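Model, not experiment: these values are computed from the prediction.
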Amino acid sequence: MNVTFDKVTTDGGLQDFDLLLDIDRTLVINSTDEKRAKAILNAIIGLDEVIAGSLTIDGKTVEEYIGDQPVVSVFGYVFDEGIMLSNLTLRENLLLPYRMIRDKTADDNFDEEIVAWFKFFKLEADLDSRPDFVNPALLKILGFIRPLLFSPELLLIDNPYYLLSQEQRKAVLNALNQLRKDHKMLILSTDDDFTKGFADRTLTL
Amino acid sequence: MRNPHGKKSLWDFFSFLGATLSDAIQIRGNRHISPMVLMRQILFTGYEALPLISFIALGIGGLVILQGYTLLSNFGQGNLVHMILVTVVINELSAMITALVVIARSGTAISTELGNMVVHREIDLLRSFGMSPISYLIVSRVYGVMAAMLILTAYFNIIAVLGGWLFSQLFSAIEFRAFFNDFFNQMRLSSIVVTIVKPLVFGLVIAVVSSYEGMSVKRSSTEVPQRTIKAVVNSIVLIVIADFIITWLTWVLVPR
């Protein structure tokens with residue numbers, strides 16, 4: 001997958017930005033300029049608007065590339081903080097995109113899938129809790145699980161170690177090492193430990 | 001909703017209104033519109049406001065009858081008090097006072113909630129799923145507030161008329177049936193049209209303005225109360241303007 005920024009200016013902070021990202025399997029962007037690196041991820045998924053220039057994936061615009069597929073099947077975004085809708089429970093949060101692309105009978109499969117992912121990340125959580133009453137590190141790990149429910153083509157991960165304890169970092173690193181076999185990943189990391197421990201290809205901005 | 005210079009123009013508002021109306025019209029097959037958000041909005045805006053609306057409506061109905069009867073009986077026209085009840089309460093006050101209550105309770109709540117969602121990047125989260133925040137958050141609220149306004153205004157009218165009858169017992173023992181016969185004799189087609197159109201338009205204005213102000217928060221939580229104040233002020237101004245326009249159009253178009 002080739003992601004090309006050609007003189008891209010976005011409302012998120014990129015100015016006449018040129019970059020070619022060749023994402024074969026995993027690519028880690030290591031940057032001291034976190035804002036600019038975040039703007040790259042945000043531009044790809046459409047959170048920041050491209051005001052000028054062109055952003056293409058394999059020669060197509062992002063909209064053309066996504067086509068009729070649900071966005072969650074193409075891009076999975078893991079935010080640096082475990083962002084959840086605060087007026088929904090954890091279960092409702094995880095179900096929200098899930099229900100959008102699957103029919104209602106898929107609710108039955110949801111519990112099975114969630115249990116499998118909880119085991120994978122060695123996680124325990126009460127899914128009927130509201131996000132405000134849950135540890136931010138736990139929300140962060142649920143933020144990994146949420147996009148993985150859709151097996152997206154490309155996982156965009158913003159600072160995977162942020163908010164996590166040493167123990168949780170090990171669990172996430174282990175999980176990402178297993179996931180790299182099946183998923184393309186574009187990871188922004190400002191953490192040198194992660195970059196050294198995980199990256200086989202690093203782009204330093 | 002993003003503007004690189006951070007300033008909002010009237011164009012931004014109309015563009016937001018256009019996007020909201022466009023999504024609202026395409027309600028069929030739009031999987032982003034949430035029945036749960038809609039039901040919660042009706043519950044909060046409509047059902048939970050009933051005690052306050054009852055209290056105000058009872059008071060307004062009684063006071064209008066009391067003041068009207070005092071004034072008209074000086075000219076020997078005490079029996080025309082029903083006309084005042086229809087003209088003042090049904091045509092004007094019910095929708096306006098209900099709208100002010102809804103602005104105070106729900107307009108502020110919508111603006112604050114959406115503003116906090118922007119600050120906590122929950123809107124970005126929805127967009128990262130490919131979900132439309134307008135459909136999921138705004139359209140559901142627009143329908144919820146419009147439905148609640150319609151129900152609350154009808155309820156206000158019923159309670160105000162009942163309050164009027166109760167207060168009328170203080171100065172003349174009018175029979176319940178006679179009071180309502182006189183009241184319905186004063187009702188015209190224009191009053192019925194106004195009772196339906198005004199709450200729907202006011203509900204649309206409150207929901208859209210409050211949502212727009214909430215979604216206009218950029219990054220800081222200190223913007224949230226500022227935007228909420230704007231939502232209240234702008235909603236009130238636009239409702240008064242809309243009231244003038246609807247009343248004028250009814251006066252011109254609907255036979256009395």
Side-chain angles (χ1 to χ4, degrees), chain A residues 9-15 38 41-42 44-52 62-63 66 68-89 92-104 131-132 136 139 143 146-147 149-150 152 155-156 158, chain B residues 1-8 12 15-16 19 23 29-41 43-44 106 109-141 144 214-216 218-219 221 224:
Chain A
T9 299
T10 67
D11 60 356
L14 295 180
Q15 284 284 341
K38 263 184 209 290
L41 299 190
N42 287 348
I44 293 172
I45 200 162
L47 297 183
D48 291 344
E49 194 182 334
V50 176
I51 298 165
V62 178
E63 290 78 18
I66 294 171
D68 293 333
Q69 302 173 81
V71 173
V72 282
S73 305
V74 181
F75 300 122
Y77 196 104
V78 181
F79 287 84
D80 52 351
E81 295 165 334
I83 298 172
M84 297 269 167
L85 298 183
S86 49
N87 60 351
L88 302 180
T89 63
E92 288 167 336
N93 263 286
L94 295 170
L95 266 170
L96 183 66
Y98 195 85
R99 279 185 178 151
M100 201 176 70
I101 67 162
R102 302 188 183 184
D103 61 37
K104 283 182 182 168
D132 287 345
L139 295 179
R146 182 170 46 202
L149 290 168
F150 307 100
L155 266 175
L156 301 157
D158 185 357
Chain B
M1 287 304 296
R2 298 261 176 100
N3 176 337
H5 306 294
K7 282 193 172 180
K8 290 281 167 189
D12 287 319
S15 147
F16 180 83
D23 279 15
N30 189 339
R31 298 182 78 173
H32 300 185
I33 292 173
S34 165
M36 190 176 68
V37 178
L38 175 73
M39 290 315 293
R40 279 182 182 171
Q41 195 63 55
L43 186 75
F44 175 72
S106 308
I110 289 172
S111 177
T112 308
E113 187 183 13
L114 293 178
N116 282 324
M117 288 182 82
V118 174
V119 172
H120 295 130
R121 295 166 70 196
E122 292 175 28
I123 307 294
D124 282 350
L125 176 71
L126 290 173
R127 292 169 68 210
S128 77
F129 301 151
M131 285 182 79
S132 158
I134 299 255
S135 292
Y136 180 69
L137 297 170
I138 316 298
V139 172
S140 313
R141 279 171 172 76
M215 296 287 274
S216 298
K218 295 286 172 202
R219 291 271 171 241
S221 56
V224 176

Give a yes or no on whether the ring-centroid distance for A:F75 and A:Y77 is below 6.0 angstrom.
no
Contacting region of A:N42 [heavy-atom separation from chain B under 4.5 Å]:
neither
Pick one of side chain, backbone, both or neither for B:I123, based on which atoms fall under 4.5 Å of a heavy atom in chain A.
neither
Just give me the residue among A:I45, A:I83, A:V74, A:V71 that pairs up with chain B most often, heavy atom to heavy atom, under 4.5 Å.
A:I83
Would you mind reporting whether B:E113 and B:R141 have side-chain heavy atoms less than 4.5 Å apart?
yes
Region of A:S73 that comes under 4.5 Å of a non-hydrogen atom in chain B:
neither
Please enumerate all residues that pass salt bridge (Lys or Arg N to Asp or Glu O under 4.0 Å) together with A:D80, with sequence neighbours excluded.
A:K38, B:R121
For B:L43, the side-chain contact (heavy atoms from CB on, under 4.5 Å) test, sequence neighbours excluded, returns B:Y47, B:E48
Does the side chain of A:P147 come within less than 4.5 Å of A:L155's, by heavy atoms?
yes
With chain A, which of B:M117, B:M131, B:E122 has the greatest number of heavy-atom pairs at distances under 4.5 Å?
B:E122
The interface call for A:L88 against chain B, heavy-atom contacts under 4.5 Å, is side chain
